[in-house]
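Scroll down for the structure; my scribbles are underneath it.
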Amino acid sequence: MTEPAEPTSSSPALTTTTAAAAPAAAAPGPFALEARDVSKHFDGVHALQGAHLAVRPGEIHALLGENGAGKSTLIKVVTGVYAPDGGTVVRDGEEVQFTGVRAANRAGVVALYQELSIIPSISVAENVLLGEQMPSRGGLVSWRRMRQRARVHLQRLNQRIPLDLLAGELSPVQQTMVSVARALATDAKVLILDEPTASLTDTEIRELFVVLRSLRDEGVAIVYVSHRLEEVFELCDRLTIMRNGSHITTKDVSASTIDEVISTMVGRDPGSLYPDRGTVTDQVTISVSELQGRRVKDVSFSAHAGEVLGIGGLAGSGRSELLRILAGAQQQTSGTITVGDRAVPARAAVPQMLEAGVALVPEERRSQGVVLGATIRDNIALANIPTVSTGGLVSGARISTIVERGMRDLQIKAHSPRQPVGELSGGNQQKVVLAKMLARRPKVLLMDEPTRGIDVGTKAEIYRLIRQLAAGGTTVIAVSSELPELIGMSDRVLIMHEGRVSGEVDAADADEEVLLSYCYGKADVR
Amino acid sequence: AGSGEGDGGKPFKVIAFTSGNQTPIGAWWVKQVQADAKTNGWDLTMIQGDFDFQKMNPQVESAIGQGADAIFDGYTDVASISSIVTAAKDSDIPIFAVDAGTEANDAFALNVTSNQQGIADQTVQEISTQLGGLQGKNVMVIGHDPHPGIRMRASLAEAELKKAGANIAGGAIQKVKSPATGRTEALALVSDYLTANPNGLDAVWVGWDDAALGAAQGVSESGSKAIVTGCDASSEALAAIQSGSSPLVATVEQPWLTVNKTVEDAITAYQKDGTKPSKNFDAVATTLVTKDNAASITPSDKLGS
Amino acid sequence: MTATPTRNPGIEDTSAGVLAVPRRSLGQRALSGGTVLALVVLVLFFFAMRPDVFLTFTNVRNILYQVSILAIIAVAQTVVMVVGDFDLSVAATSSLAGSVAGALLTAGQSVTVAVVAAVAVGLAIGLVNGLLVAYLNLSAFVATLASMTSIVGAAYLVTEGTTLFNFPAGFTQLGQGRLFNIPMPVYLAVLIALVAWAVLRFTTTGRSWYAIGGNVEVARLSGISVRRSRLLAFTVAGLVAGIGGVLLAARLGSSSAVQGSDNLMFSVAAVFLGMTVIRSGAANLGGTVIGVAIIGVMSNGLNILGVNSYVQQVVTGIIIIAAVTLSSLKTRSR
Amino acid sequence: MTATPTRNPGIEDTSAGVLAVPRRSLGQRALSGGTVLALVVLVLFFFAMRPDVFLTFTNVRNILYQVSILAIIAVAQTVVMVVGDFDLSVAATSSLAGSVAGALLTAGQSVTVAVVAAVAVGLAIGLVNGLLVAYLNLSAFVATLASMTSIVGAAYLVTEGTTLFNFPAGFTQLGQGRLFNIPMPVYLAVLIALVAWAVLRFTTTGRSWYAIGGNVEVARLSGISVRRSRLLAFTVAGLVAGIGGVLLAARLGSSSAVQGSDNLMFSVAAVFLGMTVIRSGAANLGGTVIGVAIIGVMSNGLNILGVNSYVQQVVTGIIIIAAVTLSSLKTRSR
Ligand SMILES: Nc1ncnc2c1ncn2[C@@H]1O[C@H](COP(=O)(O)OP(=O)(O)OP(=O)(O)O)[C@@H](O)[C@H]1O
Ligand SMILES: Nc1ncnc2c1ncn2[C@@H]1O[C@H](COP(=O)(O)OP(=O)(O)OP(=O)(O)O)[C@@H](O)[C@H]1O
Ligand SMILES: [Mg+2]
Ligand SMILES: [Mg+2]
């Protein structure tokens, strides 16, 4: 077995171990699933090089690493989606070569893949029992048994979703729960979950944890990927950290701390997550009065140059719609928006709002933020067509300038501006969206869940960036579902409840409990 | 059904159909029959289909199902209307036809068409005359198999040309696939052949004028001296022949006016007293059209006007 | 901890929201089918214009007879479109199958041999299309466009460019025979549509097709054998198109290389019309049947009104646009 | 931390890549095009078979002349496919435009009037298609399928089903005249392709089209007026198809309702072949030109070899499949 790649640049405090020999912690037992010295490259990029993972039956094993560390790729290798370039996969002590997902599933290895959840055009019940799980006899499907079984699996997660709805008709949260239910329905012996909680909220996360713990107690080996480290420490037994496609360390969760994990992941001491607040000016950049939308009701507020305004609330409380209306992506039914000192025409669409200086970084990166098949360069150019052109002609030089600046300023990790965005890690994709919008030099930057699915290191970068923008006089309005983030990054926090603003708090002296009560619409807490 | 009750209270009901309404002759025929129907006092149902038998046949059959005294087929090959023939037989309604097959067929009470052998003779003879004999001459034959008339005259012409000692360019009949793109297909066939074999053609025999015009264009664009013959006597072909500058030197007039008149007369005879024609097939003689007589010929697409 | 809590979506959010595909109440659903509405409007219009003819037994039978083979080809197209692909070769396949049957009959083979061989040819073509698309990863559009070209060429070769006819009665009866005064192709079309409907709805294969059509990647990662399923879908389409071709030859009593080539465009139009019928917007058999009915009613009705055939063609296009627009307006007004 | 250094985009990238089209190193690019390879193989094959003929000036001119109008129609198709849509009506539009020109000339109008009116008809049809797709949200496939049907009907009405001819020399010169011994349509095709290429590559409109083709929602949220752009794309396609139709009428000296109807399938095939040329798989003008060239070389070469036209058709399909397979193998092995 080869030594995994260099840990030299990492903090000296950390010890590096070879995986197979490694799991120094606890008694070395037979592993349910092992990946040994796996390597995989795409188009010259080494996604994996000396990756190791070894999971025991009856444990929840966290797989950690910053964006692009290779977690998802490793998962795809061990479940037969990708054939590895080198290395072996071992299931119950036997070397296996899965020819595809189906083969892996049959061997009891099942994954819930990142960013891929449901099939929108078929029913909820079918989504839960997709593939081999579909109850059938002699090729005939039993719809009755399918509904029964789907109901059971959803109930286990405390979800009461009508089974005959099309999955596409569900809210994003419900969709995620359906895909979780599908993974749970497989009675897997090795269950791998790649960021299942990225778009879930607390209630669902609780339900999920209950089920995962009981599965663990039944002897299932669980691999759990998340960027929410608090979760990891609450749920997991052991953890493996990857960096740059290589195994860095595997240890018991009880033997490590969040700070230590962070610095191992990032390869250096990350410093504090949230930068210091700046000064907010008196100059109102955007103000909204009595805005009505489909979900948004009677929202009025204004924000200032240099201010970071956080917006919180429960799922479906109308935060995204509010931002979409502000960005011109959706029309309000009534109410006015004023940018600077000019009222925006009621039917203004995205181009006009961008012209007025309002830019949106949307919630769903892959379907709203970037063209996955297009290059970084083209994605950035996309939002800047008016500014890089004269008389209808696009200037390649001007595109190059903004692309170069964007990639440098945001430290986008790619081997070339000509790399398709679909090949980048989630964090880098998010930076492309940011770069694209920042090139428009917006006066008001709207960000919807700016750090969803992004590693701590990159999160810190994004917070710093937000602060930098604010310091430059930009107003940042950011929606987030994570209360600590809301408090940490904002100057002021608005909480929405059922489409209305239910509370407004100065972030500097906000606490989570208060915000939470506003989230539930209890405006009278104080 | 049965014989004509034209004089009774009910008008004489005729179902007419043509699959070729996109051809000029088909279009003429439709108008002609509609006009004549008025004169003859027919209750006419005219069904037109763009060579789409799946659509046309059921329409005709459904009309048959609703009763008629006679069926009038214009330019639709017997091969494509088997189901109509069956339906007509079942309802005991006679079918009178213009140009619906190249040989006698008991599907019809009468089918009158032009004499394919005559067309082949006339055109091949004209080529021979113009070239001063066929021995050793290179002649391309362009046909179109789906059309039985063209198919037949093309193979007759090929045989005659061979017999007279001509070489068939490309070794066999060149086949145009679609009537819609006949002109461009023939144009490409000739241009490409002439590039591959410069001066390789003395004549091009083409089964119908539209493609013949494409072939002629190919010949003149390639700077070849070859001559071209067609068939149909379309006004465009006649104009080309008369101009004297086109490689198209001859076409053949098929006497559609007379043919149609003959068939309509047979129908009116049947309408009057139920008499059916004594023989059910006739192939009438055609006229070769060259520069000499082109001016006096009524173009096939200006029939009736 | 980090995440904010939510209302339990299970309780009140069942009416919930909308991602890409809207959801409607039962009442709305009944109304929903703008496409169905379009069909009803067409029927009423023609009935109002010619009450003496349009809804008579003879004419309805006539419409059914006219669309029966289109319906079969449209079933083939539906299956492929459920999987999210296209088959531009369905009509050509049916012509070739018909031509093969015709050629064998002309060569004196028995009806059984001719039919079996023709259907086998359809199946083989479907298999080849499937291999090209599922295993060589060609875009279905290019693959079937190309195979269509070759198939038409092959049909020309088989028929030598002519129209073959003079088939034994045992063969033409398949297309022209009647049972209870209804032509055989109508029964066969109904049978094939029912079988296809059942396959799509009740078999694991059918459900895999829908899953793949919904999202290939998710289907693949859920352990569905995407390749095998797509191969199967194209094969089934080829087989069904082959049957359609045999029936067309039997129905017309003739076969030629271009026979029924209109069925391509009309089958696609029918499936598209049908896709507007259901919520998910996926290809579906019920919808296809409605689409076929719209096309049939329209063409028959315009004939009955004696509309000039050029004008008919103009009107046909306009009606298709009107029907689809109607249904999309309905959807939007939700 | 994370960022790896990149080549300085400012220095070498000033030649502005087309949106959605990634750039590869020269070596990769030369190898990349399995489709280009297919073209080269075809050319070499025919050259080897007929070295005395195939690459002569006359024959190359001949090929160019033969594909020039197809190339123009394929440009129209490319524009629409860049936006991620389809236009099934391009060939019908060109026939109608040619028919309108023919009818006006026959009625004694001047060449200018006839040409302008014909092109305007093309433009109007494009506009209608665009409105249906962009503003009424109909699927482009259905909308243009339906409009195609209506347009063909209209062309029949305009020509009264006949072939119009006897056009003044001033008109036919457009299609048959020569400059430096090269026919006019070749210049016009090159001109139109170059303009379209430049529009796609260098204008804000072209960029917007590619963006929309990449992902409509992303494009919309990035501030691109999706509706207006799509409308424009269809309008341009109609306009270009109209020009193609005028040239075809001028080239043949005649116009009919179905003239050039095979340009639909061939234009789609050309664009699809062209999409395999580049990595992103988007429609692109260079690729389309290669696709058109493959089709032209194939048909001319097979004619030169004297292959039976039915066999030609079979072979055409097989060659298209081979070309596309070749290029997809290349892509996969990267
Ligand atoms: N299909 C692909 N083609 C090219 N490169 C890829 C592909 N998939 C992944 N990569 C690259 O491989 C590396 C590892 O990516 P992977 O998705 O495994 O990271 P990850 O650890 O899951 O990150 P995240 O936390 O953002 O999900 C990245 O550099 C990514 O750009
Ligand atoms: N429960 C729901 N019911 C209906 N639509 C919903 C629901 N949840 C989300 N959506 C849809 O998803 C988008 C985002 O929803 P919205 O703005 O209401 O929520 P949010 O406060 O941003 O919460 P989330 O965290 O779910 O994004 C909207 O377009 C909305 O139509
Ligand atoms: Mg990942
Ligand atoms: Mg949201």
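Not measured: the values here are computed from a predicted model. The basis for the numbers below is simple: all heavy atoms, side chains too, and nothing from hydrogens, waters or symmetry mates. Below, chains carry the letters A, B, ... as their sequence lines are ordered, and counting in each starts from 1.
- Of all the listed residues (D:I319, D:V268, D:L88), the one sharing the greatest number of non-hydrogen pairs under 4.5 Å with chain C is D:V268.
- In this structure, CD in C:Q312 is found 12.0 Å from OG1 in D:T149, a value given to the nearest 0.5 Å.
- The choice from D:A155, D:S139, D:G153 that makes the most heavy-atom pairs within less than 4.5 Å of chain C is D:G153.
- With a threshold of 4.5 angstrom between heavy atoms, D:A269 approaches chain C through its backbone and through its side chain.
- Between C:G317 and D:S150, the shortest heavy-atom contact is CA-OG, 3.2 Å.
- The candidate from C:I151, C:V311, C:V314, C:L157 with the greatest count of non-hydrogen atom pairs under 4.5 Å with chain D is C:V314.
- Using a 4.5 Å cut-off between heavy atoms, C:E160 touches chain D through its backbone atoms (N, CA, C, O) alone.
- For the atom pair C:I320 CD1 and D:M148 CE, the distance stands at 9.0 Å (nearest 0.5 Å).
- Taken to the nearest 0.5 Å, the OG atom of C:S147 stands 10.5 Å off from the CD1 atom of D:I318.
- Looking at D:M275, neither its backbone nor its side chain comes within 4.5 Å of chain C, counting heavy atoms on both sides.
- Identified under the ring pair (Phe, Tyr, Trp, His ring centres under 6.0 Å) test for residues 264-284 of chain D, with sequence neighbours left out: C:F141-D:F272.
- Atoms OG1 and CG, on D:T325 and C:L138 in that order, are 4.0 Å from each other to the nearest 0.5 Å.
- Residue D:I321 touches chain C through both its backbone and its side chain, counting heavy-atom pairs closer than 4.5 Å.
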